[in-house]
Amino acid sequence: MAGASEGAAQRRGVYVIAVLAIATLLEFVVALAIDNTPLLILGLSIFAVAKAAVIIDEFMHARRLAPSYAAAERAEAEEASA
Amino acid sequence: MTAQAPALSPADATRQARRTQINRFALWLFFLSDGLLFAILAAARFYINGTHTPDELNQFVGLVITSVLLLSSYTAFRGETAIAHGNIAHGRLMLLLTALIGAAFAIGVGIEWSIAEFDVSEGYGTSFFSMTGMHAAHVISGVALLLIAVYRAGRGEYSAQHHWGVSAIVMYWHFVDVVWVFFYPTLYLVQ
């Protein structure tokens, strides 16, 4: 479960937060630059969905809901306690 | 002096892993139901006001509190990762920092409320205060949960093998962040 070393995992977190920060800044700039409301809503929706997807996947570990992860988690727990 | 998590038998370890999987699934169901509540609030904003956003809304404060909340997601991630690797002291520090940044976000929302030049009785004000208020209530409960996690980590109740409590609280924190990812453009950026 721990998978990567702590240093590697923390570095990945840095990349993720950098992407989110840049996306937020771009989102703000796009909102200032676009006057067309439907186009603005489309652009902001794309930014919001993309940012949410990154957080859900990278920070909330949505992949851990997968049955394959659950099986690996049980095997690792058994191995660690043996 | 801190208590150490006892070693588990293989059967107990398997049972605990299964329980964690069930807990994780239940937590996601909670996110789904709570997310629907926030989605209804966002839909109501457009139903009541269309895409109108008051010019006097302070965009600078909006961007700052959004950045602050994003930063807190990073420190929360650091805290959970550290504890998952057995680095409890660093994990506690990061979780405490997350709670402080979360409190700063709530204060930022309070400042935004105090300087808002629209009233709760106006259409946009109704949406703005209900959406930010409901979200801030989640932030405040998240801060309380983070402080509980910091306390429990200090008592030695978490380890690299046993830290579901921290993971759940940090996931909740990220969920609150995801909600704001949608609320920020809905309240501030749509024109």
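These values consider heavy atoms only, across backbone and side chains, with no hydrogens, waters or symmetry-generated copies. Order of the sequence lines sets the chain letters (A, B, ...), proteins ahead of strands, with each chain counted from 1.
Aromatic rings from F38(B) and F182(B) are positioned such that their centres are separated by 6.0 Å or more. Between F59(A) and H174(B), the distance separating the two ring centers is shorter than 6.0 angstrom.
Ranked by heavy-atom pairs under 4.5 Å with chain A, the first of P185(B), S167(B), A11(B) is P185(B). Most heavy-atom pairs under 4.5 Å with chain B, from the set A31(A), A75(A), A23(A): that is A31(A). In terms of heavy-atom pairs under 4.5 Å with chain A, the best-connected choice from Q59(B), Q191(B), Q21(B), M171(B) is Q21(B).
For F175(B), the parts sitting under 4.5 Å from any heavy atom of chain A are the backbone and the side chain alike. Both the backbone and the side chain of A62(A) come within contact range of chain B, with heavy atoms under 4.5 Å apart. Looking at V14(A), both its backbone and its side chain come within 4.5 Å of chain B, counting heavy atoms on both sides. Both the backbone and the side chain of V49(A) come within contact range of chain B, judged by heavy atoms closer than 4.5 Å. Heavy atoms of I41(A) lying under 4.5 Å from chain B belong exclusively to its side chain. Neither the backbone nor the side chain of S67(B) comes within less than 4.5 Å of any heavy atom of chain A. Heavy atoms closer than 4.5 Å to chain A are found in both the backbone and the side chain of A82(B). Using a 4.5 Å cut-off between heavy atoms, L189(B) contacts chain A through both its backbone and its side chain.
Ring geometry for Y188(B) against F128(B) counts as perpendicular: the plane angle is over 60°, on a 0 to 90° scale with 30° as the lower cut. Note: F105(B) and H135(B) have perpendicular aromatic rings, judged against thresholds of 30 and 60 degrees for the angle between ring planes.
Two residues are said to be in side-chain contact when any heavy atoms from C-beta on lie closer than 4.5 Å; P54(B) and E117(B) fail this criterion.
In the model, R11(A) has no side-chain atom that pairs as donor or acceptor with a side-chain atom of Y15(A) under 3.5 Å. For the residue pair T66(B) / W180(B), a side-chain donor-acceptor distance below 3.5 Å is found, with atom types taken as modelled.
Tested against S127(B) for a side-chain contact (heavy atoms from CB on, under 4.5 Å), the candidates L41(B), T132(B), I48(B) yield a single pass: I48(B).
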